[in-house]
Amino acid sequence: NNFFSGELPDCFTNLAQLLSLHLENNRFSGNVPESIGSLQHLQYLHLHNNSFSGNIPASLKNCTNLVILNLGYNSFTGFIAPWIGDSYSRLGALILRRNRFHGEIPLTLCRLNNLQILDLAINNITGLIPNCVSNFTAMTSKKNMGIFFGTLSPSLGRIGIFTEEETAIVSWKREEQIFKGTVRFVKFIDLSYNELIRDFKSHWTSFPGFVK
């Protein structure tokens, strides 16, 4: 929430123990440096509302502890990386809203059975909505705490996976809603403003109230 601008320095190898990185709401531009893959302990990555461009760096697949990946409101291009579904078994929120991603939704995303927030809206995504979306079992659980409710951890005042201070921004009814400290209660899917061609009623009946 500043006026920082320019490209990020390629120096993340010196921050190997970092758990949370918030660079959102600035004016950063250019590619995200490959050295960000050195942050193997990283759990929360917020880069939304900048002017980042290029592909999602392939090295990011090394950050296997990610719980929130928010790249929304940038100018990222290319395909949605299939390795996201293979690398992030703990991922609870994937937000790629308002970028320039194209191609189809990779089937590997269906392996994210801990996912509670999926926002791919306002891109150039085409093709079918995968039938395997029923694998998003955390979205259909009647336990609102989901995987995120657990014992209090001394690390960052954490409750389960999310910290007490962690936030998620969800666009709801054309307005941004900020959830802080209550992210574990949010279950949300938005695939709007793309070129998808699947009938929602046939394949998304497991998610009443959560499809926009």
Side-chain angles (χ1 to χ4, degrees), residues 19-21 36-37 39-48 55-72 76 78-97 99 101-123 125 127-150 158-163 166-171 179 183-192 194 196 198 200 203-212:
L19 297 179
S20 183
L21 180 60
I36 199 167
L39 306 179
Q40 297 186 18
H41 296 283
L42 193 67
Q43 298 178 25
Y44 310 102
L45 179 58
H46 295 266
L47 302 182
H48 59 277
N55 296 328
I56 300 176
S59 63
L60 199 59
K61 69 174 68 174
N62 298 324
C63 303
T64 56
N65 288 305
L66 276 178
V67 175
I68 293 180
L69 177 59
N70 190 344
L71 306 180
F76 288 107
F79 298 103
I80 297 175
W83 49 257
I84 291 176
D86 293 323
S87 300
Y88 302 148
S89 61
R90 303 179 66 203
L91 197 67
L94 176 61
I95 302 173
L96 305 179
R97 184 183 188 87
N99 279 283
F101 293 111
H102 61 272
E104 298 185 355
I105 298 174
L107 295 177
T108 52
L109 290 191
C110 294
R111 299 173 187 170
L112 301 173
N113 55 12
N114 288 322
L115 200 67
Q116 291 194 191
I117 299 173
L118 176 63
D119 191 346
L120 307 180
I122 318 177
N123 280 283
I125 302 171
L128 303 177
I129 298 173
N131 293 335
C132 59
V133 294
S134 58
N135 293 350
F136 295 146
T137 52
M139 294 190 187
T140 60
S141 173
K142 294 182 179 180
K143 297 180 180 180
N144 289 331
M145 300 300 185
I147 62 168
F148 306 117
F149 184 76
R158 193 167 60 198
I159 298 179
I161 289 179
F162 282 116
T163 68
E166 196 54 49
T167 61
I169 298 176
V170 171
S171 292
F179 295 87
V183 184
R184 63 187 181 276
F185 297 107
V186 182
K187 299 179 181 182
F188 180 85
I189 296 175
D190 193 346
L191 305 178
S192 61
N194 283 291
L196 298 165
R198 205 62 160 179
F200 280 82
H203 299 278
W204 294 77
T205 54
S206 297
F207 304 100
F210 300 122
V211 179
K212 189 174 181 180

Handout entry: Sidechain-backbone polar pair: Thr137 side chain, Asn113 backbone, donor-acceptor under 3.5 Å
Key = yes
Handout entry: Minimum heavy-atom distance Leu112-Tyr88, with the two atoms named
Key = CD2-O, 3.1 Å
Handout entry: Heavy-atom pair of closest approach, residues Gln40 and Asn62
Key = CG-O, 3.7 Å
Practice task
Would you check if Leu45 and Leu39 make a side-chain contact, meaning some heavy-atom pair closer than 4.5 Å?
Solution key: no
Handout entry: Heavy-atom check, side chain of Phe188 versus side chain of Asp119, under 4.5 Å
Key = yes
Exercise for the section: Check Asn123 against Leu96 and note the closest heavy-atom contact, atom names and distance. Expected result: ND2-O, 3.1 Å
Handout entry: Spacing of Leu191 atom CG and Arg97 atom CZ [to the nearest 0.5 Å]
Key = 10.5 Å
Practice task
Compare all side-chain heavy atoms of Leu19 with those of Tyr44 and state whether any distance is below 4.5 angstrom.
Solution key: no
Handout entry: Atom pair SG/CD of Cys63 and Gln43 - distance to nearest 0.5 Å
Key = 11.5 Å
Handout entry: Side chains of Pro130 and Leu109 in contact at under 4.5 Å (non-hydrogen atoms)
Key = no
Problem - Approximate separation, where rounding is to 0.5 Å, of Met139 CE and Ser134 OG - result: 12.0 Å
Practice task
Compare all side-chain heavy atoms of Trp83 with those of Ile56 and state whether any distance is below 4.5 angstrom.
Solution key: yes
Problem - Donor-acceptor pair, side chain of Asn135 and main chain of Val133, under 3.5 angstrom - result: no
Problem - Side-chain donor/acceptor of Asp190 to backbone N/O of Ser192, under 3.5 Å - result: yes
Exercise for the section: Compare all side-chain heavy atoms of Ser89 with those of Thr64 and state whether any distance is below 4.5 angstrom. Expected result: no
Practice task
Please tell me if the side chains of Leu60 and Leu69 come closer than 4.5 Å, counting only heavy atoms from C-beta onward.
Solution key: yes
Handout entry: Heavy-atom pair with the smallest gap, counting every atom of Ile36 and Ser59
Key = CG2-OG, 4.2 Å
Exercise for the section: Please confirm whether the backbone N or O of Pro82 pairs with a side-chain atom of Thr108, one donor and one acceptor, at under 3.5 Å? Expected result: yes
Problem - Donor-acceptor under 3.5 Å (Asn114 side chain, Leu91 main chain) - result: no
Practice task
Taking the side chain as every heavy atom from C-beta outward, state whether Ile117 and Ile68 have any pair of such atoms under 4.5 Å apart.
Solution key: no
Exercise for the section: Find the distance between CD1 (Ile80) and CG (Leu120) and round it off to the nearest 0.5 Å. Expected result: 4.5 Å
Completion exercise
Closest non-hydrogen atoms of Ala121 and Asn194, given as atom of the first, atom of the second and distance, are CA-ND2, 3.8 Å
Exercise for the section: To the nearest 0.5 angstrom, please state how far the CG atom of Asn65 sits from the CG atom of Leu42. Expected result: 8.5 Å
Problem - Main-chain N/O of His48 paired with Asn70 side-chain donor or acceptor, under 3.5 Å - result: no
